[in-house]
Amino acid sequence: MAMEKTFDANSAEPRIYQMWEDAGAFKAGANARDGASTYCIMLPPPNVTGHLHVGHAFNHTLMDILIRWKRMQGFDTLWQPGLDHAGIATQLMVEKDLAATGQPKRTEMGREKFLEKVWEWKASKGGMIEQQARRLGDSMDFSRSAFTMSGASSAPDTEKPGNFHDAVLQVFVKLYNDGKIYRGKRLVNWDPHFETAISDLEVENREVDGHMWHFKYPLANGATYEYVEKDEDGNVTLTETRDYISIATTRPETMLGDGAVAVHKDDERYAPIVGMLCEIPVGPKEQRRLIPIITDQYPDMTFGSGAVKITGAHDFNDYEVAKRAGLPMYALMDTKGAMRADGKPYVEEAATAQAIARGDQEFDEAMIAAMNMVPEEYRGLDRFDAREKVIADITAEGLAVMHDVTRTVKNDDGEKVDVTETVPMVENKKIMQPFGDRSNVVIEPALTDQWFVDTAQIVQPALDAVRNGETKIMPESGEKVYYHWLDNIEPWCISRQLWWGHQIPVWYGPNGLTVCAADRFEALDLASKKINSEQGLKDGDFTVRDISSLADYEHELDAAAYDSGLTKEQILLSCDEPQRRKDGKLCFGLYRDPDVLDTWFSSGLWPFGTLGWPAEDEAMKYFPGDVLITGQDILFFWVARMMMMSNAVLEENPFHTIYLHQLVRDAKGEKMSKTKGNVIDPLDMIDAYGADALRFSNAQMAALGGVLKISEDRIKGYRNFGTKLWNAFSFADHYEIPNAGDSAMPVATQTLNKWIIGEVGKTRVAVNAALETYRFNDAANTLYAFTWGKVCDWYLEFSKPILQGEDETAKLETQATLRWVLDQALIMLHPIMPFITEELWGTADSRAKMLVHADWPEYGAELVDADADAEMNWTINLIETVRSNRAQVHVPAGAKVPLVFTDLDAKGQAAWNNNHVLIQRLARIESLTRVDDLPKGCVTIPMPGGTFGLPLEGLIDVPSEITRLEKSMQKLGKELGGLRGRLNNPKFAASAPAEVLAETQANLALREEEEAQIKAAIARLAELG
RNA sequence: GGGUGAUUAGCUCAGUUGGUAGAGCGCUUCCUUUACACGGAAGAUGUCGGGAGUUCGAGCCUCUCAUCACCCACCA
């Protein structure tokens, strides 16, 4: 039957994929041999909102190659897929969807209702990427697809059951009980857009154009001092009497929260006023707050004025200074980044603050947090508007530091004149500003209560694992980056003020009662015990109840009130203070922490949360997994956290190898972005060239640590490669190679067949070596060169005369060999190009198993027959040289020419005898004749074992032929010089290894033979000329 | 400011413990020869970023300079 001209990827791929899935070919353990070891790869879970982009396509290809390879080898494989709930991204997307469809806002519908909407959204629109992954040919076990929010209490019954949520809570409780998680009021990165805290990693520092303003803080009670500036040599350069201290700031709006002005203790300029008070020059004059001038190690005497305003609640440096000095830290902004509008009137707050500053008033954290130091005129303003107003107000009052600026302007007559003005001193300068990586708004440091993982306590095993080689990071440069980050790790802020996520399993009650438990029943139980032991109440004397959601559900609150005999107000109050019920029992209310966990907290548990843990699931046999393949951009976010979490929870490393790759860029090496319009959609590439071509291209560019540039031309090239493979089978079809079932390795007697079998052996060795060391590019290139460069270019051509010939024995052997060789190519190419190979496997022959489960070969270099190898290489070499010479002198391609030789040793003679049919056919030689001397005007073909000649008198342009030969003599001369130089150097003989010495000597002999032959050829031509 | 990596053919990149440079694409010439024009044959192109050093020998190791890229970082 005639095959189609090319492989129709568009129609075949879905059909083949369906066939695999229907057969359960990708299920965990499919095709595993008895007693096989496990081999497990965890897919980095894409966001549930995600689409397949080139980065996914790239690393999926690598994972699939490994998994398919191992599956064919009979390992008990699992490629675990799944989705990440992606807190912020998903919540944002659903909120947008609500807005677009005219539904109530998140805050209007309330938490429970909103979560229902998110689950609905997930059911209808989420997980698109899993369908797209199928188009790539990913052999994941989709029946096990996991979700990081599975099993959450908000999940609808229709959601496939799962227990990832249990895993997350169990781990939280464990770490909490071990003292590795704590809660506290800290300065954290606050995202005013999403109104949540975020971790350090989610902040992107960008250089932006900023300004630095200089303001005067007047000294209290009109005090003055002599301000003296000196140069490096100690000479006085400026002396003036000042009644203020000059400070520089890029954030004037935070002045309202200043707790002090700090100078360096060695700064002589300010020594006279250290300990004095100065006035914050903003707000109503009567209430202006006085703050102390203190010393601290932080101010840099050489920067700005050397004096720094300290705003503990709005700057990370100032926070440290304020802590050291015990300064009050006044928070000025609300969750949206606007100036606070809550609290008491400014007059009252200011009075309290002044008392604190004078030392007349004790203060604590809670009291400070409640105080609003924003004057009425600024309340409610956005932080950036407030900044403008502060600047304007201070400048208007004459408290901005002024300086003279001279500029050139044209006067009325058009002449240029210099005008000098005194203007406020504002420096334009580049400043590093923190932005939220998702929201793109300026991050505001905010003093809030948050949960932290005390990473210092769990980091060590993760570091050790890599240091002692238990887990290897590839490329190695990744290890340095890993060490650097983990060695300097900061506490990890894990609480988020979002709704979509794992709600923190901690409940609070009266009198500081705090319990951490995996569910509410356990929490109530634990709370009872604590009340019992800590507050001395007997079991029968009190009840505890979780009232977390009662406020949202009026009817439940009613029911609770009816049950307990308390008023609704009393029930809500019972969290703060136990309430006495009608029956005399004390009622303790518990409410659950409303925050959710950082998405990466749950992703950090991916290596075992997907395998059923904490339940005793059979799938846990796949833990620890083998290799993790992911982008190096999430080394800290995810990889390091998995290392820490696996060790903290299970005391094992989650994998032995971490393969990190770079960002996939466009052909020019630029980042892909929608605005640049250079985004390549992998699905478009699949549509145009088939998944196999994209996969081969991915494998081919996967050089370790290399820059990844995806190019459509390349993909197209590998589509062509697929067609080449297809046509090799078409060739076999054309010559009616009989079906052999699953072909066995033939016993070859023909040199040609012995040779190609050896090439198959070499290829299998090289491919295995490449895949074992994650050199996907080497594997791809090896297979490409083998299939195209050996099989198609030579073996198929060589086999033609035999297949068309009369020697039945040789024909049968060659048919069997051809079939086997092509089958080996399919098997070895399958991990990279699964579709076309499966299709050819099925159409070429009848098979016991699908290719996806075919046995990966185990033969190796023992298949190489050195004599056959040498002979075929000699043959190929002769053909190439004849062809080259023919082309050089423009012999018509179709014309047959005679070939002569002078001397031929036994080996050469045998090689000729064995292969003359091939040589004559492929080099278009009509005859071979022995001559005593090469005729004049003959092109010389130096070969090991003898000299051949093409008698092409009349066709050759003698001078240009001589020039050509002389050119090669020059090249040869250089090489000979090098070889002789080395061999004549006694130190070389002494220090070079024996192999290298022998190789060099053999090489020299060969080159010398060649030199003699070329010399003779030139001499002959010279006679002619 | 600290760190990491890169610099090899016109382009994009390989080059695994030092042994004397390769691939794909592109380009030039020829060929529709019965698997394949998504093809075949032949061909051109490199002081391996500059400089110095170690070595018998360096694209690879050391130092230095230059350019580029990325990551991290609190200078008001």
Side-chain angles (χ1 to χ4, degrees), chain A residues 3 5-7 200 205 212 247-251 262 298-300 302-311 315-320 431-432 434 445 475 477-478 480-481 484-485 488 632-633 635-636 662-663 667-669 689 693 697 700-701 703-707 709 711 713-714 716-735 769-770 773 775 777-778 781 784-785 789 792-793 796-797 800 804 880 883-888 890 892-894 921-922 924 974-975 978-979 981-993 995-997 999-1000 1003:
Chain A
M3 288 171 60
K5 209 168 156 56
T6 56
F7 175 58
D200 300 349
N205 290 303
M212 194 155 77
I247 61 97
T249 180
T250 56
R251 303 207 48 200
Y298 166 61
D300 176 350
T302 63
F303 189 88
S305 66
V308 189
K309 65 193 239 3
I310 301 300
T311 321
D315 182 281
F316 286 97
N317 289 310
D318 294 4
Y319 177 67
E320 295 302 323
I431 55 171
M432 292 300 283
S477 59
K480 290 181 192 165
V481 183
H484 184 257
W485 190 69
N488 299 292
Q632 70 135 228
D633 53 328
L635 175 61
F636 307 142
Q662 301 214 345
L663 190 77
K668 290 181 201 148
Y689 305 107
S697 170
Q700 194 284 147
M701 70 177 173
L704 217 42
V707 178
K709 299 183 189 175
S711 136
D713 281 344
R714 282 220 165 205
K716 193 171 164 184
Y718 294 119
R719 186 272 320 263
N720 295 354
F721 173 66
T723 305
K724 188 75 180 173
L725 179 69
W726 184 265
N727 278 306
F729 278 80
S730 183
F731 169 89
D733 193 49
H734 185 263
Y735 284 95
T773 50
R775 297 171 173 277
N777 56 323
D778 283 353
N781 289 335
Y784 187 97
C792 292
D793 284 352
L796 295 191
E797 292 302 330
K800 281 179 188 172
Q804 294 162 352
E880 283 181 336
R883 279 175 172 173
S884 172
N885 281 297
R886 289 170 57 114
Q888 209 81 47
H890 303 293
R921 182 191 176 98
L922 294 176
R924 303 229 162 219
K974 247 189 189 171
E975 226 171 308
L979 290 166
R982 280 156 67 189
L983 286 165
N984 291 338
N985 187 329
K987 282 190 187 168
F988 176 68
S991 46
E995 299 167 14
V996 175
L997 195 66
E999 198 184 314
T1000 310
N1003 208 353

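Chain letters run A, B, ... following the sequence lines, proteins first, then strands; residues in each count from 1. As the structure is a prediction and not an experimental result, all values here were calculated from the model.
- Taking side-chain N and O atoms only, A:N727 has no distance below 4.0 Å to OP1 or OP2 of B:G39.
- Put simply, A:Y735 has a side-chain N or O that comes within less than 4.0 Å of OP1 or OP2 on B:A35.
- Rounding to whole angstrom units, OH of residue A:Y718 and P of B:C38 are separated by 18 Å.
- When the nucleotides B:A14, B:G40, B:C75 are ranked by their closest atom to the side chain of A:Y298, B:C75 comes out on top.
- Set against B:A76, B:A35, B:G15, the side chain of A:V308 has B:A76 as its closest nucleotide.
- For the C1' atoms, the distance linking B:C68 with B:U62 amounts to 23 Å, nearest Å.
- Within the structure, every side-chain polar atom (N or O) of A:T723 is placed at least 4.0 Å from both OP1 and OP2 of B:G39.
- Only the P atoms considered, B:G26 is 16 Å distant from B:C11, to the nearest whole Å.
- Among the heavy atoms of the strands, none lies under 4.0 Å from A:M701.
- Nucleic acid contact class of A:I247 (heavy atoms, under 4.0 Å, all strands): none.
- The residue A:G789 sits apart from the nucleic acid: no heavy atom pair falls under 4.0 Å.
- Residue-to-nucleotide proximity on RNA chain B shows that, of A:K480 and A:R251, the 5′-proximal contact is made by A:K480.
- With B:G40, B:A14, B:G24 as the candidates, the nucleotide lying closest to the side chain of A:K724 is B:G40.
- Residue A:N777 has no polar side-chain atom (N or O) positioned under 4.0 Å from OP1 or OP2 of B:A14.
- Residue A:E797 is classed as a base contact, given a heavy-atom separation below 4.0 Å to a base.
- A:R775 comes within 4.0 angstrom of a nucleotide base, judged by non-hydrogen atoms across all strands.
- Within the 4.0 angstrom heavy-atom criterion, base atoms lie near A:F303.
- Using a 4.0 Å heavy-atom cutoff across all strands shown, A:P475 reaches no nucleic acid atom at all.
- Distances were taken from every side-chain heavy atom of A:R883 (C-beta onward) to each of B:A73, B:A76, B:A41; the shortest belongs to B:A41.
- The distance from the CH2 atom of A:W726 to the CZ atom of A:R719 is 14.0 Å, given to the nearest 0.5 Å.
- A donor-acceptor contact under 3.5 angstrom links the side-chain atoms of A:R719 to the base of B:C38.
- Summarising the local packing, NZ of A:K716 is surrounded by 12 or fewer heavy atoms from other residues, nucleotides or ligands at distances under 6.0 Å.
- Remark: A:F721 CZ to A:Q700 CD distance equals 11.5 Å, nearest 0.5 Å.
- Within the nucleic acid shown, A:D318 has no heavy atom closer than 4.0 Å to any nucleic acid atom.
- Residue A:S711 is classed as having no contact, given no heavy-atom separation below 4.0 Å to the nucleic acid.
- When the P atom is compared between B:G51 and B:G3, the two are found 27 Å apart, to the nearest whole Å.
- Contact check, A:K5 against B:A37: a side-chain N or O comes under 4.0 Å of OP1 or OP2.
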